[in-house]
Amino acid sequence: MKYWRKPLDIEYLKIPRGRIHILKERCKGCSFCVEYCPCDVLEISEEFNAKGYHPPCVKDEEACVNCGLCEMLCPEFAIYLDEEEEVPVP
Amino acid sequence: MSSKQTVNPKLETQNSKPDRHPMDELLREDRLPHIWCSGCGIGVALTCFIKALQKCGLDLDKVVVVSGIGCTGRVAGYVNLDSFHTTHGRAIPFATGLKLANPELKVVVFSGDGDLIAIGGNHLIHAARRNVNMTVICVNNFNYGMTGGQVGPTTPPGAITSTSPYGCFEHPFNLPYLAAASGAVYVARWTTLHVRRLEKSILEALHKRGFSFVEIISPCPTLYGRWNKQRTGLAQMQYYHDQGVIRHGLDPKEADIGLHGEIIEGVFVHIEKPTFLDFCSDALAKSVG
């Protein structure tokens with residue numbers, strides 16, 4: 001990340017990290033999670049689930065900041081997050 | 001951190017199975033996946049409600065969910081709480097009876113616009129007039145979804161539905177205005193896109209003494225959006241994103257919804273008033289002594 005000036009508290013700041021779990025068989029392919037993820041972590045996968053929908057898959061796990069928006073926007077209770085250890089700002 | 005301390009002990013014992021959604025503790029897992037269409041917003045409304053319940057600190061053994069008939073009426077069957085699936089339009093009278101019979105209960109009415117506003121409209125305004133202690137969550141998708149997308153009392157003028165193929169030509173209800181004019185002490189409106197604000201609003205409504213009313217504007221791509229140039233749930237969410245305007249404290253009179261116009265959201269009424277149960281106990285104390 002580029003800064004126009006180095007923040008004074010950069011050494012104390014941490015970036016939250018989350019791990020995404022997708023319950024594929026519950027998904028109905030509305031793609032709310034893919035569209036509204038602020039960090040573009042998810043994408044629609046090629047595979048089908050038993051109902052014939054394309055569930056999302058994780059494109060860039062490193063980018064997830066555990067905001068929880070996908071979990072809240074999912075109407076099917078098919079996606080949730082686990083909190084992982086925070087990492088320092090690069 | 002405080003939210004962790006107030007978690008119901010009943011929930012902690014059930015949790016911790018691997019690959020289990022954290023909200024499954026409040027859902028009847030055997031009934032999932034639910035019947036709602038792909039892109040429907042009722043699931044999002046239920047997610048926000050469950051999230052609010054997990055944070056509210058209330059004793060969940062004393063929370064009751066009452067639903068009427070319709071797509072949203074299915075909520076009572078999906079939540080793992082004491083719940084009540086009532087006859088069409090009569091969710092609020094059942095809830096009033098529950099609250100009066102056992103004032104310790106926290107009664108939540110979770111139903112749709114066709115149930116609460118159309119056939120149950122009179123019950124809504126009278127419960128709001130009496131200021132009965134309950135929370136009403138009304139999911140508004142602008143039509144009768146379960147029966148085939150007929151025109152309803154909330155359908156905006158010009159909208160095409162299965163029974164108004166040339167466009168609806170009636171004035172719709174403005175739900176926050178109706179609730180506020182009838183005497184509700186907490187009135188809010190959110191769309192299913194504004195999940196965090198909606199969750200906060202439901203949390204406030206749960207803790208409010210008196211009649212609290214939260215309207216949730218929800219996509220219905222299968223039966224409403226399809227006829228009105230919003231073919232997917234995502235297109236309707238995009239419309240809420242583009243046209244949603246947050247105006248807290250606005251006179252709800254001005255919060256009308258047009259077909260493709262602005263959707264005014266926010267908390268419109270947040271006041272204190274003596275509730276029905278207060279008056280009940282006062283009257284009882286006077287007459288019995």
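Numbers restart at 1 for each chain; the letters A, B, ... are given by sequence-line order, proteins then strands.
A distance-only check finds a donor-acceptor pair linking the side chain of A/K28 to the backbone of B/W36 [under 3.5 Å]. With hydrogens and angles disregarded, a donor-acceptor distance shorter than 3.5 Å links the side chain of B/H34 to the backbone of A/P75.
Counting heavy atoms from C-beta on, the side chains of A/K51 and B/S38 never come closer than 4.5 Å.
Contact detail for A/M72 and B/C48: the closest heavy-atom pair is CE-SG, 4.0 Å. Taking all atoms of both residues into account, the shortest heavy-atom contact from B/G39 to A/F32 is O-CZ, 3.6 Å. The shortest heavy-atom contact between B/T47 and A/E71 is CG2-O, 3.6 Å.
A distance of 13.5 Å separates CD of A/E25 from CG of B/L32, quoted to the nearest 0.5 Å. Rounding to the nearest 0.5 Å gives a distance of 4.5 Å between CG of B/L27 and CZ of A/F77. Atom CG of residue A/L73 and atom CG of residue B/L193 lie 6.5 Å apart, to the nearest 0.5 angstrom. In this structure, B/H21 NE2 and A/I22 CD1 are separated by 11.0 Å, a value rounded to the nearest 0.5 Å. Separating the CE atom in B/M237 from the OG atom in A/S31 is a distance of 10.0 Å, to the nearest 0.5 Å.
Neither the backbone nor the side chain of B/I42 comes within contact range of chain A; no heavy atoms are under 4.5 Å apart. For B/M23, the part lying near chain A is the side chain, with the backbone staying farther off; criterion is any non-hydrogen pair under 4.5 Å. B/L198 does not touch chain A: none of its heavy atoms, backbone or side chain, sits under 4.5 Å away. For B/L234, the parts lying near chain A are the backbone and the side chain together; criterion is any non-hydrogen pair under 4.5 Å. Using a 4.5 Å cut-off between heavy atoms, B/E199 touches chain A through its side chain atoms alone. With a 4.5 angstrom heavy-atom cutoff, A/I79 touches chain B only via backbone atoms. Both the backbone and the side chain of A/E76 come within contact range of chain B, each with at least one heavy atom under 4.5 Å from a heavy atom of that chain.
Heavy atoms from other residues, nucleotides or ligands lying under 6.0 Å from CZ of B/R28 number more than 12. A/E84 CD: more than 12 foreign heavy atoms inside a 6.0 Å radius.
Contacts between residues 56-65 of chain A and chain B, defined by a heavy-atom separation under 4.5 Å, are made by no residue at all.
For the set B/G41, B/C40, B/G43, B/P221, the entry with the most heavy-atom pairs within less than 4.5 Å of chain A is B/G43.
Taking the six-membered ring where tryptophan is involved, the planes of B/H241 and A/Y36 are tilted, since the angle between them lies from 30° to 60°.
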